[in-house]
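Worksheet for the structure shown next.
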Amino acid sequence: MTSTNGASGGQAEPPLIAVDGLSVSYRSEDATVAAVRDVSFEVRAGETLALVGESAAGKSTIGHALLGLLPGNADVQARSMRYAGRSLLGLDTEELRRIRGEQISMIFQDALSALTPTLRVREQLVELYQAHRDLSREEAEAEALAALQRILPDAERAFDAYPFQLSGGMAQRVMITLAVALQPRVIIADEPTASLDPGVRMETLQILEELRDQAGVGLLLITHDFGVVARMADRVHVMYAGEIVERADVKTVFRAPRHPYSHGLLQSLPGPHQSRLQPLRGQPPDLSDLAPQCPFLPRCPKAVSQCRIEDAPALEPAGDEPGHFAACYNPIAIPLRGS
Ligand code: ATP
Ligand code: MG
């Protein structure tokens, strides 16, 4: 894990991403799914913020909300959502298109399905360059190939391939090339290594680290893999059922998680700190029918009567470390691991 304050990231600069009170619901005919509820976070230049949590916690929804890529059945509310001090709310299609790719880009969770199946890789990259830069076809092709060569050793072959002709690792690298091509200042990396074999996984992480450490890119890293979190993240936000239930710097999350969910999650997911995985018991709640109490209550080994009586707790300072917050009435009291 590395940390810098970033090339341009003095504390006086506004954060690259500042989200305050983001909520997203998906409407369907018979239900409304409260996928993200009152979530706030910041990403600064040259740092990595990791969003972790089980499937359906709302992680990808947050990434898509930042880029204005949510489907038509999504309702988005936020007190504010800013990129480098500038509001992302209420932008028109053209303004959003300019920000996407040039300022903020996303490595999508499923690389193969995020690529356009009917276009060769060459066309997808050229289209991106020509949409954002004043380049001739030849210039755009040269830029595109050079960009792919920086990330994929066998770039010429992939350049003329259709997405279905790519291996998972190649598709992922094409996806990364598209995400970094215009030198964005923020990259949302949604499970960037999930489908990759160990060698490609390591190289992918190195590419992201270089962008962060040399170009001061702010990384919003979404992952199930605590090994990746330990290596990459400066700070961690743990999400459960659409909410952030704990946030802290990465060392604190590993050494002294306060929320029982964070603790259970650490035991259940691959990472550097446990030799045997212990699955979390039970299932996350139905997001279309949430009780007012803590959403983790039915699964919580530490629940007390207050948890059953009162509405869900808010994030409150926890532990001794600055910036450590947990939303729990009966947090884990003792650091669980030595340093
Ligand atoms: P995973 O780790 O599996 O990728 P996630 O944390 O990224 O999960 P999201 O994809 O953000 O979770 O989904 C959050 C919730 O919103 C889930 O309950 C999901 O079923 C629901 N959801 C996501 N997209 C839509 C949609 N287009 N329409 C309706 N519900 C949706
Ligand atoms: Mg997801």
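Note that the coordinates shown come from a computational prediction; the quantities given were computed from them, not determined experimentally. Indexing begins at 1, ligand by ligand and atom by atom, following the structure's order.
- Less than 4.0 angstrom separates some heavy atom of L287 from each of these atoms of ligand 1: 18 (O).
- For a distance bound of 2.8 Å, the N, O or S atoms of Q109 include one lying that close to the Mg ion (ligand 2).
- Taking a cutoff of 4.0 Å between a charged side-chain nitrogen and a carboxylate oxygen, E191 and K59 do not qualify as a salt bridge.
- Shortest contact from atom 15 (C) of ligand 1 to any protein heavy atom: A35 CB, 3.8 Å.
- Near H224, meaning under 4.0 Å from one of its heavy atoms, ligand 1 places the atoms 2 (O).
- Salt bridge E54/R299: present, at least one basic N to carboxylate O contact under 4.0 Å.
- Here N73 has side-chain heavy atoms under 4.0 Å from ligand 1, and that is the only part of it that gets that close.
- The shortest N or O to N or O distance between P71 and ligand 1 is not under 3.5 Å.
- The aromatic rings of Y162 and F164 lie parallel to each other, with less than 30° between the two planes, well short of the 60° mark.
- At a 3.5 angstrom cut-off on N or O pairs, A56 counts as close to ligand 1.
- Atom 20 (O) of ligand 1 is not flagged as protein-proximal [any protein heavy atom, distance under 4.0 Å].
- With ligand atoms numbered from 1 in the order given, ligand 1 contributes 9 (P), 11 (O), 13 (O), 14 (C) to contacts under 4.0 Å with heavy atoms of T61.
- A pairwise comparison of heavy atoms in E42 and R235 identifies O-NH2, 2.7 Å as the closest pair.
- In summary, S55 places no N/O/S atom under 2.8 Å from the Mg ion (ligand 2), failing the contact criterion.
- Within a 6.0 Å radius of CD in E139, more than 12 heavy atoms belonging to other residues, nucleotides or ligands are found.
- For atom 2 (O) of ligand 1, the nearest protein heavy atom (residue, atom name, distance) is K59 NZ, 2.8 Å.
- Atom 1 (P) of ligand 1 has its closest protein heavy atom at S55 OG, 3.6 Å.
- Using a 30° and 60° split on the angle between ring planes, F296 and Y261 fall in the perpendicular class, above 60°.
- Ligand 1 has no N or O atom lying under 3.5 Å from any N or O atom of E191, backbone or side chain.
- Per-residue contacts place Q109 under 4.0 angstrom from the following atoms of ligand 1 (heavy atoms of the residue considered): 1 (P), 4 (O).
- Listed by atom number, the atoms of ligand 1 under 4.0 Å from G58 heavy atoms are 5 (P), 6 (O), 11 (O), 12 (O), 14 (C).
- Here the rule is side-chain contact (heavy atoms from CB on, under 4.5 Å) with L208, and of D213, T48, V228, I107 only I107 fits it.
- Atom 10 (O) of ligand 1 has its closest protein heavy atom at S60 CB, 3.9 Å.
- At a threshold of 4.0 Å, the pair D225-R201 counts as salt-bridged, since one of the basic side-chain nitrogens sits closer than that to a carboxylate oxygen.
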Given the rule in the side-chain contact (heavy atoms from CB on, under 4.5 Å) test, do L265 and L280 qualify, once you have shown the distances and angles that lead to the verdict?
-> CA-CA 7 Å; L265 193 67; L280 264 164; 4.2 Å; yes

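- With salt bridges taken as basic N to acidic carboxylate O contacts below 4.0 Å, one links R137 and E123.
- Nearest to atom 29 (C) of ligand 1 among the protein's heavy atoms is Y26 CB, 3.4 Å.
- Of all heavy-atom pairs between E47 and V43, the closest is OE2-CA, 3.4 Å.
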